[in-house]
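None of these values were measured; they are calculated from a predicted model. Within every chain, numbering begins at 1; the chains are lettered A, B, ... in the order of the sequence lines, protein sequences first and strands thereafter.
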Amino acid sequence: MKTTNLYTLLFICVLAFPLSGCYTFLHVDVKQSTNNPVTRVIVIDPEFEKIESKNSLRNLSIVDNNNQEFIESLKDNAEKTKVEVDIIEHQNISNKNLNYFNVLLNLKRDIYNASRLQQPPDKIFYRNISFNSSWTKPGKTQDIKNPINIPSKYSYLAKKYQTPFFAVQGILYVKKPNNGDLGQLMLVPPVGFASFFKPDHNTHYYYIIANVETGEIVYREYRTFYNKPSKVNLDPIIYDSYKVLTKLTGGK
Amino acid sequence: MKVVLKISALLLILVWGSVTGYSQTSGYLGKRIILNSELFSSLFDKGYDGGAEYVFLRNLSFYADYHYRNKNYRQRLLPYYTRYGKYPDEKANFKSKNLSLGLKIYQNQAFTAPKGIYLFFQYAYGRADIEGNYFVMNDEFDPDSDQYYLYRIKNARSRIIDYGFGVQNILWKFVTVDFKFGITSAKLSVEPKNEYLIDEVAYKYGPNFINWGGTLGRETGGLGLSARFKVGLLLF
């Protein structure tokens with residue numbers, strides 16, 4: 001083999017190395033058979049949870065539950081993409097609002113449960129949601145065929161809110177210490193050395209929409225990226241999420 | 001050349017799945033056109049570079065660049081060194097103008113182009129003017145018989161193939177910062193064939209970071225690694 005060809009092969013190996021750990025993931029399931037396009041969605045109290053550990057994975061604790069920036073980003077991008085989204089926020093609900101506590105919170109729980117039961121049990125990671133995209137190819141849609149539904153008792157909400165589509169949407173951010181990467185340390189010493197000191201950021205975004213009239217989960221989306229959930233990172237993700245939803249469910 | 005094509009084809013096949021997932025194009029918050037300029041050309045090549053990138057699929061963008069390089073380099077004329085014990089003080093000059101077309105295949109699924117890590121493949125074609133010196137030692141014991149003359153080559157054809165990986169980030173929602181690193185294979189040719197071009201110039205052409213010189217297959221030109229740093233504006 002010529003020396004130059006050897007260099008080329010060496011470069012390919014070097015090229016494969018940094019790309020191997022830098023992917024982010026997207027997974028979308030959609031109910032293809034729906035005749036009712038998703039034009040308006042009621043989002044029940046979006047979640048923004050930050051879990052942090054300074055010592056080890058065993059001491060994870062929720063340190064922040066401030067979701068205002070996330071909700072602003074949801075509203076801004078819904079406006080930009082012309083998707084009609086109504087967000088019910090728990091901060092704006094009084095103790096006397098029994099509909100929220102008796103119905104919507106239960107619906108939210110039932111959407112999580114139905115979504116969980118439609119997924120392989122060994123992949124469930126947090127809040128009944130799988131963030132492991134390895135069970136289907138990232139970037140490919142998968143038709144939701146599983147018949148497990150949410151209870152029919154919520155069907156009257158379609159008339160009350162003038163849409164049958166109710167969603168749970170949120171961010172889970174996990175920050176944990178990085179144990180370092182010995183392989184990286186050997187191959188790319190500066191990057192490998194830094195990996196021992198830089199914390200590990202994992203941000204997961206999910207968006208699950210149910211049709212309360214039919215009791216079906218009609219749309220489910222997960223994204224994972226390895227950075228902070230700052231507005232700079234969230235805005236393009238939420239914008240694209242609404243675009244994908246519109247495209248796949250035949251919305252506006 | 002065949003090796004480069006085979007490897008490039010393999011890379012394209014491997015990443016094709018990433019561009020076929022969804023056909024709609026979000027861009028970055030709906031913006032899909034970038035105007036940018038490469039800074040290393042100005043710093044190291046005394047040239048300039050300007051171009052545009054257009055995101056036309058979810059994870060795929062197309063770009064076009066114009067490069068102008070005006071580079072001086074030391075002439076390693078061995079007969080001259082044998083005679084005087086040093087290389088000539090005069091530097092050779094190399095001016096080239098290239099138009100390049102390229103594809104970027106973004107690897108992130110959660111983010112859409114033009115943000116994130118990508119693989120790229122680029123082809124540049126252009127013309128080059130070379131000006132240098134040539135030294136002929138006719139008689140080892142008679143310095144007066146030496147010939148040292150100026151050599152000019154006009155309109156040599158240049159071709160550069162680049163492929164590698166890079167990362168593009170977006171700041172303040174409208175400034176793009178793009179760093180890419182790749183292998184560069186260059187070819188320089190003129191008709192009729194010119195020995196000076198082949199022996200003294202061609203192998204220096206192409207890579208801007210590490211040049212292994214030599215040839216790839218039957219091509220005459222530089223082979224090595226290039227790094228490029230672009231700053232641009234995400235317009236609309």
Part of A:Asn233 within contact of chain B (heavy atom distance under 4.5 Å): both
What I want to check is whether the side chains of A:Glu84 and A:Thr39 have a donor and an acceptor closer together than 3.5 Å. no
Need one label for B:Phe111: side chain, backbone, both or neither, based on atoms under 4.5 Å from any heavy atom in chain A. both
I'd like to know if the side chain of B:Gln122 pairs up with that of B:Lys180 as donor and acceptor (distance under 3.5 Å, no hydrogens or angles considered). yes
Do B:Lys115 and B:Tyr28 form a cation-pi contact, if we require the NZ or CZ to be under 6.0 Å from the six-membered ring centre and within 45 degrees of the ring's axis? no
Pair A:Arg220-A:Tyr207, side-chain donor/acceptor within less than 3.5 Å: no
So for B:Ile170, is it side chain, backbone, both, or neither that comes closer than 4.5 Å to the heavy atoms of chain A? backbone
